[in-house]
There are 2 protein chains.
Amino acid sequence: MDTDQVSGRWDANKGACPTRQVLGRIGDTWTMLIISTLEREGTLRSGQLKASIEGITQKMLTQTLRHLERDGVVRREVIPTVPTTVTYTLTPLGQSLGAAVATMRTWAYDHMDEIVAARNDYDTRD
Amino acid sequence: MDTDQVSGRWDANKGACPTRQVLGRIGDTWTMLIISTLEREGTLRSGQLKASIEGITQKMLTQTLRHLERDGVVRREVIPTVPTTVTYTLTPLGQSLGAAVATMRTWAYDHMDEIVAARNDYDTRD
DNA sequence: CCGCATCCTTAGAGATACTG
DNA sequence: CAGTATCTCTAAGGATGCGG
């Protein structure tokens, strides 16, 4: 796919293309954070994830995890204890995505200061 | 920052951390597509961008471009012709982000089929 | 050609309480 | 503990028309 990506035009900009949907899901507010957390911590229980991600609600956590499970990115495992225990782990597919997410995370971290500076500059112009 | 990223914990999961804001902006529906397009096509006029990105409205295009300009990711250039011409280009900062976005784009493209398969599998279970 | 302002609609997300 | 179900409400986003 490398060929098209650089030289030609491909159809990611067309609404029907599945990449659009994939990028849309990645663009979700919590997706990156969840994947990022699972990548760093390994297998986690629902409650642990919730505790690790400041500001996320049960609803959003469950919802996002369902989407990711559906896409084959995380594996959900129910352990029949009382009360029930549920764990989440990145699948191999999820791990490869985790690498890409890590790239974004690293970029954000590395360029945070430049961005803040650019904003200050922009806001104090004119 | 590589050290923390792998072994320790840093604060991207805390709401106050600027990386959260940065990731949030990247997570924006149109940001990735705009950056991706500018990366492949170079300098473009507003209308050309709009034509290249299926489904985007003038409002969202302008709005997203303003955000990106504020963050120092794109440069807006007004050429005093009649009627006015406006062009957009990635800044060096934007180009480095473009590389990271390309990684995600490539990942999405490469794993599209796996994801679609996973979804079909998930939807036809039980 | 570009983009601002306005209005309007709806999906997304929070809060809360309940079930297995 | 994990997840579902409502209910509510904001705010993102689409449509349209004006102005530089």
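Side chains included, hydrogens not; waters and symmetry mates left out as well; all remaining heavy atoms used. Naming convention: chains lettered A, B, ... in sequence-line order (proteins, then strands); numbering from 1 in each chain.
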Does the distance from a Lys or Arg side-chain N to an Asp or Glu carboxylate O, for B/Asp121 and A/Arg70, drop under 4.0 Å?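 Salt bridge absent between B/Asp121 and A/Arg70.
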Please report, rounded to the nearest Å, how far the [atom2] atom of [N] is from the [atom1] atom of [X].
X	N	atom1	atom2	result
A/Leu65	D/dG3	CG	C1'	11 Å
A/Arg76	D/dA2	CZ	P	10 Å
A/Leu61	C/dA13	CG	P	13 Å
B/Gln48	C/dG3	CD	P	13 Å

Can you tell me if the side-chain N/O atoms of B/Tyr88 get under 4.0 Å from OP1 or OP2 in C/dC2?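 B/Tyr88 to C/dC2 OP1/OP2: no side-chain N or O under 4.0 Å.
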Using only side-chain N and O atoms of A/Arg45, determine if any of them is under 4.0 Å from OP1 or OP2 of D/dA2.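 Yes.
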With B/His111, the side-chain contact (heavy atoms from CB on, under 4.5 Å) member among A/Val73, A/Leu93, A/Leu97: A/Leu93
Taking A/Asn120's backbone N and O only, do any of them form a donor-acceptor pair with A/Thr124's side chain (distance below 3.5 Å, no angle check)?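 At least one qualifying donor-acceptor pair exists.
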What is the per-nucleotide protein-contact pattern of nucleotides 4-20 of chain D, from the 5' end, where B denotes a base atom under 4.0 Å from a protein heavy atom, S denotes such proximity for sugar-phosphate atoms only, and - denotes neither? S--------BBB-----
Trace of the salt bridge (Lys or Arg N to Asp or Glu O under 4.0 Å) decision for B/Glu39 with B/Arg105: CA-CA 12 Å; B/Glu39 192 216 8; B/Arg105 200 200 323 141; 2.6 Å; yes
Let me check something: any side-chain donor-acceptor pairs from residues 57-69 of chain B under 3.5 Å, sequence neighbours excluded? List them with distances.
{"from": "B/Thr57", "atom 1": "OG1", "to": "B/Met60", "atom 2": "N", "distance (Å)": "3.3"}
{"from": "B/Thr62", "atom 1": "OG1", "to": "B/Gln58", "atom 2": "O", "distance (Å)": "3.0"}
{"from": "B/Thr64", "atom 1": "OG1", "to": "B/Met60", "atom 2": "O", "distance (Å)": "2.6"}

Give a yes-or-no answer on whether the side chains of A/Thr87 and A/Arg45 include a donor-acceptor pair shorter than 3.5 Å. no
